Amino acid sequence: MSNARPSLRDRIRGIEAGESAVAAHFLGESGVLVLASGEAVVTADGDSRVTLHDGGVLDTASDGKVLLSGGDDGRLVRLAPGMKPEILHDTGGTWVDRVALGPNGAFAWSAGRKAFASQAKGEPRMLSLPSAVGGLAFFPKGHRLAVAHYNGVTLWYPNIAGEPQKLEWKGSHLGVTVSADQRFVVTTMQEPQLHGWRLEDGQHMRMSGYPGKVRSFSWTQGGKFLATSGAAEAILWPFTGKNGPMGASPTMIAPAAKAGIKVTQVAAHPSSPVVAVGFADGLILLTRIEDGAEILLREPDGDAVTAMAWRADGKGFLFGTDSGAAGIAAL
């Protein structure tokens with residue numbers, strides 16, 4: 001079946017990762033593949049390795065200018081192009097579970113039941129939560145942070161005194177994201193579903209029907225769709241209308257070639273209506289949203305895709321797998 005697709009496999013240069021990739025990012029034109037051991041492979045001027053953490057990496061975030069990471073060594077680390085990793089905070093042992101980058105140099109992290117937010121300069125602010133933090137996401141504009149936790153999400157202005165806004169829904173909320181127009185907040189849950197809120201009136205949105213947990217999500221060009229993993233194809237929920245996905249059916253693209261194989265990673269192209277879709281069997285497809293047209297980037301080999309990223313200009317693509325295969329492509 002894959003032989004019938006156009007292919008860009010000859011554009012890939014292999015990377016000697018040697019271990020499972022937990023995240024992929026670009027800093028400028030250089031790819032950064034974050035590995036399970038706490039190291040990262042940087043593709044600038046040939047592949048080199050840097051140590052981010054003395055132990056496992058628990059979360060990463062990047063805006064294309066800096067990379068932020070949290071680890072089970074209790075450290076919050078920042079990596080900038082051409083620089084050595086910089087320790088921004090050390091908890092003294094408590095895991096740094098989640099990290100996020102925001103506008104104007106803002107960044108945030110969590111440790112246990114506490115979330116911290118800091119602007120480029122100044123002391124960090126702290127917020128205590130009712131349970132461990134499941135996810136962090138800044139709003140696209142302003143210094144406002146969404147913090148996911150058990151039974152909902154807390155919306156926090158770190159620089160403003162007063163009670164944060166609470167969005168409630170029973171259950172364990174893990175990843176969290178905010179739509180480009182700032183009208184919707186969406187979480188992934190311990191159950192195989194998403195939950196969302198329309199902020200103007202608190203209207204709930206349930207996005208269910210997944211056979212597996214949603215572990216990867218990505219906003220498409222202009223925030224038109226939220227692409228998600230967790231099913232046998234990529235599920236794209238529409239967010240263009242007044243009601244977002246409420247009452248609307250999702251778009252489904254890149255169906256798996258074999259029964260029982262699920263999508264493990266999604267990464268939307270930064271400027272075109274295309275989504276890269278990675279599967280549990282190692283297949284990677286570049287898929288056009290409008291008509292589902294597919295281009296083969298990686299053949300299936302049984303090695304699950306665990307990390308993918310586009311370069312900001314859309315002309316570079318980086319990926320890594322569970323068993324240590326990795327590559328960077330010029331597109």
Side-chain angles (χ1 to χ4, degrees), residues 2-35 39-50 52 60-67 79-83 101 216 218-222 227 229 234 253-254 257 263-279 281-301 303-331:
S2 62
N3 292 333
R5 301 184 184 102
S7 174
L8 292 175
R9 287 176 296 170
D10 60 347
R11 305 281 186 91
I12 295 174
R13 176 181 70 79
I15 296 172
E16 294 294 329
E19 60 181 282
S20 179
V22 297
H25 301 283
F26 276 89
L27 292 179
E29 295 188 355
S30 301
V32 181
L33 194 68
V34 182
L35 306 177
E39 290 189 322
V41 178
V42 182
T43 66
D45 301 321
D47 300 338
S48 61
R49 287 180 180 252
V50 297
L52 299 176
T60 65
S62 178
D63 58 5
K65 299 176 182 178
V66 298
L67 169 70
L79 180 66
M83 304 294 288
L101 285 168
S216 175
S218 180
W219 291 100
T220 68
Q221 173 200 24
S229 68
I253 59 173
V263 174
T264 55
Q265 291 287 310
V266 291
H269 190 283
S271 57
S272 297
V274 171
V275 179
V277 184
F279 292 83
D281 63 357
L283 175 68
I284 300 178
L285 298 174
L286 308 183
T287 309
R288 193 162 56 201
I289 297 172
E290 179 182 357
D291 57 5
E294 299 170 353
I295 295 177
L296 176 67
L297 190 63
R298 187 176 191 271
E299 288 274 13
D301 60 359
D303 189 6
V305 179
T306 54
M308 300 192 309
W310 290 95
R311 203 168 69 192
D313 61 3
K315 296 181 179 180
F317 185 81
L318 177 68
F319 70 87
T321 70
D322 186 50
S323 296
I328 188 168
L331 302 175

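Nothing fancy with the numbering, it's 1 onward along the sequence. For clarity, every value in this text was computed on a predicted model and none was experimentally measured.
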> Do Asp313 and Arg311 meet the salt-bridge criterion of a basic N to acidic O distance under 4.0 Å?
yes
> Do any N or O atoms from the side chain of Gln221 and from the backbone of Ser271 form a donor-acceptor pair under 3.5 angstrom?
yes
> Side-chain contact, heavy-atom cut-off 4.5 Å: Arg13 with Thr43?
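Result yes, sub-4.5 Å side-chain heavy-atom pair found.
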> A side-chain contact here means heavy atoms from C-beta on lying under 4.5 Å apart; do Leu285 and Leu296 qualify?
yes
> Distance from Leu318 atom CG to Ser30 atom OG, nearest 0.5 Å?
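So the CG of Leu318 and the OG of Ser30 are separated by 10.5 Å.
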> With heavy-atom distances below 4.5 Å as the criterion, would you say the side chains of Thr306 and Thr264 are in contact?
no
> Using a 6.0 Å cut-off, check whether atom CG of Asp291 has over 12 heavy atoms from anything other than its own residue.
yes
> Using the side chain to side chain donor-acceptor pair (under 3.5 Å) criterion, which residues pair with Glu19? Sequence neighbours excluded.
Ser37
> Rounded to the nearest 0.5 Å, how far apart are CD1 of Ile284 and CG of Leu8?
11.5 Å
> So, for Val32 and Leu79, which heavy atoms are closest and what is the spacing to 0.1 Å?
CG1-CD2, 4.4 Å
> Quick one: closest heavy-atom pair of Ala24 and Leu33, and the distance?
CB-CD1, 4.0 Å
> Considering all heavy atoms of both residues, which atom of Asp303 and which atom of Arg298 are nearest to each other, and what is their separation?
O-NH1, 3.8 Å
> I need the Ile253 CD1 to Glu294 CD distance, nearest 0.5 Å.
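One gets 8.5 Å once the value is rounded to the nearest 0.5 Å.
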> Treating Ser7 as the side-chain partner and Arg9 as the backbone partner, does any N or O pair qualify as donor plus acceptor under 3.5 Å?
yes
> To the closest 0.5 Å, what do you measure between CG (Leu297) and CZ (Phe317)?
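Rounded to the nearest 0.5 Å, the CG-CZ separation comes to 6.0 Å.
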> Answer whether the closest heavy-atom distance between the side chains of Ser62 and Leu27 falls below 4.5 Å.
yes
> Leu101 versus Lys65: any side-chain heavy-atom pair under 4.5 Å?
no
> How would you list, by chain and number, every residue that makes a side chain to side chain contact (heavy atoms under 4.5 Å, CB included) with Ala267, sequence neighbours excluded?
Ala276, Met308, Trp310
> Are the side chains of Leu286 and Leu331 in contact, using a 4.5 Å heavy-atom criterion?
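Yes; the side chains approach each other to less than 4.5 Å.
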> To check you understand the geometry: which heavy-atom pair defines the closest contact between Arg5 and Leu283, and what is its length?
NH1-CD1, 4.5 Å
> Does any pair with a residue in residues 6-35 pass ring-ring contact (aromatic ring centres under 6.0 Å, His included), and if so which ones, sequence neighbours excluded?
none
> Working note: Val34 + Leu67, criterion side-chain contact (heavy atoms from CB on, under 4.5 Å); need CA distance, chi angles, decisive distance, verdict.
CA-CA 10 Å; Val34 182; Leu67 169 70; 4.2 Å; yes
> Where do Ala21 and Gly320 come nearest, in terms of heavy atoms and distance?
CB-CA, 3.8 Å
> Which heavy atom of Val263 sits nearest to which heavy atom of Ser229, and what is that distance?
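Shortest heavy-atom separation between Val263 and Ser229 comes out as O-CB, 3.4 Å.
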> Do Leu52 and Thr60 touch side chain to side chain, with heavy atoms closer than 4.5 Å?
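Side chain of Leu52 against side chain of Thr60, heavy atoms only: no contact under 4.5 Å found.
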